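All remarks here apply to the structure that follows.
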Amino acid sequence: MIKVTFPDGSVREFAEGTTGLQIAESISSRLAQEVLAVSVNDQLWDLTRPINDDCTIKLHKFDDEEGKHAFWHSSAHLLAEALQELYPGIQFGIGPAIESGFYYDVDPGEAVIKEGDLPAIESKMNELAAQKSPLVRQEISKTDALKLFGERGETYKCELISELEDGTITTYTQGSFTDLCRGPHLPNTSEIKAIKLTSVAGAYWRGNEDRKMLTRIYGISFPKKKMLDDYLVLLEEAKKRDHRKIGRELELFAFSQAVGPGLPLWLPKGTALRLRLEEFLKKIQKEFGYQQVMTPHIGQKELWITSGHYAKYGKDSFQPIKTPQEGEEFLLKPMNCPHHCEIYKVSPKSYKDLPIRYAEFGTVYRYEQSGELHGLTRVRGFTQDDAHIFCRPDQLKDEFLKVMDIIFIIFKALNFENFEAQISLRDPENKEKYIGSDENWEKAERAIVEACEEKGLPARVELGEAAFYGPKLDFMVKDAIGRRWQLGTIQVDYNLPERFDLEYMGNDNQKHRPVMIHRAPFGSMERFVAVLIEHTGGKFPLWLTPDQVVILPISEKYNDYAFELAAKFNKQDVRTIVDDRNEKIGKKIRDNELKRIPYMLIVGEKEAENGEVAVRKQGEGDKGTMKADDFSAMITAEVEEMMNSYQP
RNA sequence: GCUGUUAUAGCUCAGUGGUAGAGCACUUCCUUGGUAAGGAAGAGGUCUCGGGUUCAAGUCCCGAUAACAGCUCCA
């Protein structure tokens, strides 16, 4: 007998060789139907794999990550089996489960797989799933594995096998398809009830630009048809929230081929929104002891040679600007740090002066690869809500904590309730990729980890994701429909102070090196506005939205009253426009609902006579009539209350 | 940058070798209205750009550019 410990701590005995599935059956038949995989001593196993020792187990259904993972991984194998039948001689790369769904990278040889071929592949998958083929795990020696896949001409698989250690290799077989795979998998393919192949795209073999490009087929699958339908609805919803679409509809920003790719044009309404965000952050930063500075958009090439960026990025950047003066070269600034370092150096600094915090909404230019440009989230000219903090080493952690406070205030003000953090450290295997001493790196990495602990901020640690000059802490928010976006960033830098030879006089009358922190709570104004659009679906908070109120006269007879009110409201800082088109009221309501203006005021004979407005709230409908002055006071109070609640 | 797809009116799109179309938006007129689309008329296009095939190209072929999806990259 073996002792099995469940997640709740209870222990039960089972015969040696009992499987996860049998354990589930012993609890309830319903559980046995829904369970997909099992963790045995925190290792993910097949349900059909016999358990021979005492262990702790956890059963996984579709609603947890591990269950989904096994489900989609098996779906990838099912996709491969279907492809093998439809495209004889096809070669397989890898086919993993991903965050939502799965893919398989394949090399179809001469054949071409297009979007239009996906339905046929889907049908084949459904047909094969219905056959209830068990997925059978087999341990195999390295020699046998190389022989097996070698005979089938699977060069990609053989490459993978040759890098594995003998004795750790397993295969899974369902029907006529055998794949090299660590597992785990579903007991059989019939669990996969609803399949959608979503797209086909190219992907480099092993993610390497220099290797062959394979065909990647993406798909997603579910144990129930209804779940697939819900997922497809979510995709539709995401499409409706696309910031590129809403940005055009609400006249926030645009691109022009004449101006150039990746160079956004901010339209009046988008500019109003952005400036309001900037003012909000400036106000908070003032409270936190920041000083605004301003620097030019260009600087001498030597500035970035000093910083080290020219060596690393110079050849892939906008190229230097020449002048009539022989040998004189300027660069469009790709970041603001060197300029801020020069500001620091304008006068000698004492330890009593630190920390010094220079903030600038600094516009920078980076020559992103053409295929990388995407709406406002990835552009070639953008404005960072940048600041550089110069402090003493003993102030580092405290400054870090204060920056985190600013970021929390911003997330709260804009209703990003779900966020997480990622600590990016250097790759310990590849230390030569980074500049700076071991000692400094370790100090900085420790400060970040401790700051997160002190704030109780759960953070994922990623090795090898650090910038080349220092470790960083990035914030990811989840938007209203659950997608993750990277926004704010805080980066420690021991390197630039060194390169720019920054100093301060200590209380020991000796010169010391300050520590630098780069930070941008929004990230960039472009990216942040894009994420905010997708998060809110274009329904911005009242304090932020470009137009807060639109007045809709019932007929042209009441236009004068409408304009009078608008003028009065605007004087009171209630941002108001008038829809004076010669249209029926129903039409005006519809159009302004679609513009997501928070308040619509309908005015006709009754209202004009009594100095009233009929209030309609966007998305909520008629709210009844009130005095015009009461309405503007209400809006002013609502905005003030919001702004005051975010005082540091 | 790589692979694939796309490019027609301000927007969304139809047009599949024989002189360019719809809906919305826009302009003018009628209408002057009460909570999500009133009616009529009109204006608007070198069919992204450059080559080629053809008697004839928006349509077929090649190239460039841009956008989109994915990959790679992201100071």
Side-chain angles (χ1 to χ4, degrees), chain A residues 103 105 112-116 198-218 242 244-245 248-249 251 254-258 260-262 304 307-314 316-317 333-338 364-375 377-380 382 384 386 435 465-470 472 486 489 491 493 495-496 518 520 523-524 527 552-559 581-595 600-607 614-625:
Chain A
Y103 67 79
D105 283 348
V112 179
I113 302 175
K114 288 193 183 164
E115 200 108 352
T198 46
S199 65
V200 47
Y204 302 110
W205 169 233
R206 314 201 80 175
N208 185 337
E209 257 184 290
D210 303 323
R211 305 294 299 268
K212 184 166 185 189
M213 182 162 285
L214 304 181
T215 303
R216 176 171 297 180
I217 300 175
Y218 284 92
D242 191 317
R244 293 166 298 188
K245 180 171 176 283
R248 188 166 49 232
E249 286 168 0
E251 297 171 43
F255 289 89
S256 146
Q257 289 214 11
W304 287 279
S307 75
H309 291 97
Y310 188 76
K312 195 169 167 71
Y313 295 102
D316 299 318
S317 300
K333 66 177 172 185
M335 80 280 298
N336 305 299
C337 346
V364 298
Y365 299 89
R366 297 179 184 177
Y367 191 79
E368 304 293 355
Q369 297 188 101
S370 61
E372 244 328 306
L373 301 174
H374 179 94
T377 60
R378 195 77 186 275
V379 287
R380 286 180 173 164
F382 58 97
Q384 297 177 309
D386 211 357
I435 42 189
E465 292 290 312
F468 74 94
Y469 53 76
K472 59 181 182 175
Q486 192 201 310
T489 179
Q491 314 187 351
D493 190 343
N495 175 56
L496 281 186
H518 313 249
S524 81
R527 190 177 167 78
L552 316 181
I554 292 279
S555 83
E556 288 176 341
K557 283 190 259 176
Y558 311 105
N559 281 358
R581 292 175 305 161
N582 178 8
E583 291 290 352
K584 291 185 127 178
I585 196 67
K587 169 77 165 164
K588 292 191 192 182
I589 288 169
R590 178 182 158 77
D591 288 351
N592 286 289
E593 282 282 348
L594 293 175
K595 284 193 194 160
M600 274 168 270
L601 302 180
I602 289 141
V603 297
E605 188 177 1
K606 271 185 300 183
E607 290 79 11
V615 181
R616 189 185 158 100
K617 207 164 178 180
Q618 203 272 345
E620 295 180 25
D622 197 351
K623 292 284 170 189
T625 300

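In this text, all values refer to a predicted model and were calculated from it rather than measured experimentally. Lettering of chains follows the sequences in order, A, B, ..., and the numbering in each one begins at 1.
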Measuring to OP1 and OP2 of [N], would you say a side-chain N or O of [X] lies under 4.0 angstrom away?
X	N	value
A/Arg581	B/rU27	no
A/Tyr218	B/rC71	yes
A/Tyr313	B/rA75	yes
A/Lys587	B/rA25	yes
A/Arg248	B/rG10	no
A/His374	B/rA69	yes
A/Ser199	B/rA69	no
A/Arg211	B/rC71	no

Would you check, one step at a time, whether the test side-chain contact (heavy atoms from CB on, under 4.5 Å) holds for A/His518 with A/Tyr469? CA-CA 11 Å; A/His518 313 249; A/Tyr469 53 76; 3.9 Å; yes
Any strand counts, and the cut-off is 3.5 Å on both contacts for Watson-Crick or G-U wobble. Which nucleotide pairs with [N]?
N	result
B/rG18	B/rC55
B/rC26	B/rG42
B/rG63	B/rC49
B/rC68	B/rG4
B/rU31	none

In whole Å, what separates the [atom1] atom of [N] from that of [M]?
N	M	atom1	result
B/rU46	B/rA36	P	40 Å
B/rC26	B/rA9	C1'	11 Å
B/rA56	B/rU19	P	15 Å

Looking at A/Glu593 and A/Arg616, is there a salt bridge between them, counting it only when a charged N and a carboxylate O are closer than 4.0 Å?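 Yes, this pair counts.
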Just so I know, are the side chains of A/Asn582 and A/Glu556 near enough to count as touching, which here means a heavy-atom distance under 4.5 Å?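 Sidechains of A/Glu556 and A/Asn582: in contact.
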Touch class at under 4.0 angstrom, heavy-atom based, for [X] against every strand present:
X	result
A/Lys606	base
A/Glu607	base
A/Ser317	base
A/Asn582	base
A/Pro334	base
A/Arg216	sugar-phosphate
A/Arg244	sugar-phosphate

Think A/Arg380 forms a cation-pi with A/Tyr365, using NZ or CZ under 6.0 Å from the six-ring centre and within 45 degrees of its axis? no
Check the pair A/Asp591 / A/Arg581 against side-chain contact (heavy atoms from CB on, under 4.5 Å), numbers first and verdict last. CA-CA 11 Å; A/Asp591 288 351; A/Arg581 292 175 305 161; 3.0 Å; yes
Looking at A/Arg206, A/Arg216, A/Arg211, which hits salt bridge (charged side-chain N to carboxylate O under 4.0 Å, His left out) with A/Asp105? A/Arg216
